[in-house]
2 protein chains.
Amino acid sequence: MVRSRASAVTPFQTASHDHDNCVETALDRAAQLCAARGARLTELRRQVLRLVWGGHEPVGAYAVLESLKRSHPGAAPPTVYRALDFLIEHGLIHRIESLNAYVGCSRPERPHVSQFLICGKCGAAAELDDPAIARAVLRRAAELGFVVEQQTIELSGLCPRCRARPDA
Amino acid sequence: MVRSRASAVTPFQTASHDHDNCVETALDRAAQLCAARGARLTELRRQVLRLVWGGHEPVGAYAVLESLKRSHPGAAPPTVYRALDFLIEHGLIHRIESLNAYVGCSRPERPHVSQFLICGKCGAAAELDDPAIARAVLRRAAELGFVVEQQTIELSGLCPRCRARPDA
DNA sequence: TCGATGATTGTTATAATATAACGCATCGAG
DNA sequence: CTCGATGCGTTATATTATAACAATCATCGA
């Protein structure tokens with residue numbers, strides 16, 4: 001319970017974060033989800049998902065491409081973009097509009113609106129699913145007669161860890 | 001008072017919206033603001049501001065460039081991007097991240113966080129300055145020890161007018 | 001098993017958005 | 001007037017994303 005409480009307190013990763021395990025978990029969940037939906041998580045898509053999950057920093061499509069080429073020499077931009085499109089459609093990753101970059105989704109099981117906190121120093125992006133924010137947004141939109149189909153909420157600033165260490 | 005109440009009810013423009021007047025007002029306010037700040041609203045920047053204010057739909061940098069070339073034949077991408085940067089710095093326009101486009105700021109006088117409602121059908125973008133949304137966002141970030149420096153809040157969907165007219 | 005069908009991937013080219021770098025012009029403070 | 005900073009012109013290039021079409025693969029019914 002201590003661990004789950006900690007992750008409820010901050011969506012940012014701590015120093016002790018076991019990222020290998022984190023990635024494997026994400027890949028397993030993706031496989032399960034796709035199986036349940038009859039979607040094909042091919043080796044290529046799985047590989048791209050793994051690369052996007054390389055860290056908790058959003059990663060650009062061309063960075064993914066460069067990495068992908070190691071395992072997949074013939075890869076070209078469409079190779080990556082098509083895989084990214086698939087992963088987004090299935091809620092396995094999110095696109096960060098303000099960075100033109102992509103990041104793994106922490107809760108792909110259920111559809112959700114998410115908000116991102118993006119640290120300008122370390123680059124980490126933490127995904128929130130804050131009902132209060134979503135409610136405030138939907139409430140105001142409803143008052144104006146606007147039907148919200150998609151929310152892009154990205155907050156950039158300084159994460160707790162970087163704020164604590166004011167070094168270069 | 002009827003007009004101002006109407007604009008308080010919806011930030012979307014109505015059919016009777018006098019856009020020429022709207023643009024001139026925006027340009028005047030920009031001139032005043034820049035004068036007050038000792039910033040130089042040159043003819044080029046003024047022209048770009050006018051073009052961004054061409055409608056209430058966000059407009060791409062290259063669309064601005066194409067229009068700009070009429071009055072300014074030698075214009076090239078840096079011409080436009082430099083002007084856009086200046087206008088953003090001074091809060092005269094906003095960049096819409098999810099569209100890679102730019103739109104005039106409706107309240108440049110004071111710094112503010114804004115939220116945008118973007119209609120996927122007519123393309124119009126309405127700028128909000130909703131304290132409840134800003135509060136919800138800042139509250140949650142503060143709980144997590146995150147210092148927000150910039151907010152990107154863009155809601156796409158259907159505006160009231162387009163919702164009322166379900167034509168093609 | 002076979003072939004039809006649709007989904008996936010390969011491949012080449014190009015579109016769309018944005019910036020680097022350098023030099024000249026212009027403005028305004030002193 | 002001169003200097004330094006700012007603005008702008010110009011060329012080239014970086015970065016992000018998509019179009020279009022061919023080849024391959026998976027699946028499923030005949």
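Below 30°, between 30° and 60°, or above 60°: for H56(B) and W53(B) the angle between ring planes is above 60°, a perpendicular geometry. Using a 30° and 60° split on the angle between ring planes, F12(B) and F146(A) fall in the parallel class, below 30°.
Residues passing the ring-ring contact (aromatic ring centres under 6.0 Å, His included) test with Y102(A), sequence neighbours excluded: none. Taking the salt bridge (Lys or Arg N to Asp or Glu O under 4.0 Å) definition, one finds that R37(A) meets it with nothing, sequence neighbours left out.
Toward the 5′ end of DNA chain C lies the nearest nucleotide of Y62(A), the other residue of the pair Y62(A) and A61(B) mapping further downstream.
Taking both residues in full, the closest heavy atoms of T152(A) and S98(B) are given as OG1-CB, 4.4 Å, listed atom of the first, atom of the second, then distance.
Within the structure, salt bridge (Lys or Arg N to Asp or Glu O under 4.0 Å) pairs that include any residue of residues 44-55 of chain B comprise E24(B)-R50(B) (at least two apart or interchain).
Here dT17(C) presents its P atom at 14 Å from CD of E97(B), a figure rounded to the nearest Å.
Inspection of the Q47(B) and H72(B) side chains reveals no N or O donor paired with an N or O acceptor under 3.5 Å. Between the side chains of E149(A) and S156(B), not a single donor N or O lies within less than 3.5 Å of an accepting N or O.
At a non-hydrogen distance threshold of 4.0 Å, H72(B), G74(B), A76(B), P78(B), T79(B), R82(B) from residues 65-93 of chain B come into contact with DNA chain D. Taken residue by residue, residues 29-49 of chain B places heavy atoms nearer than 4.0 Å to DNA chain C at R40(B).
Taking the 5' to 3' direction, DNA chain D first and last meets chain A under 4.0 angstrom from a heavy atom at dT16(D) to dA26(D).
Contact check on R140(A) versus D129(B) returns no salt bridge, with no Lys/Arg side-chain nitrogen under 4.0 Å from an Asp/Glu carboxylate oxygen. Looking at R95(B) and E97(B), a side-chain N of the basic residue comes within less than 4.0 Å of a carboxylate O on the acidic one, giving a salt bridge.
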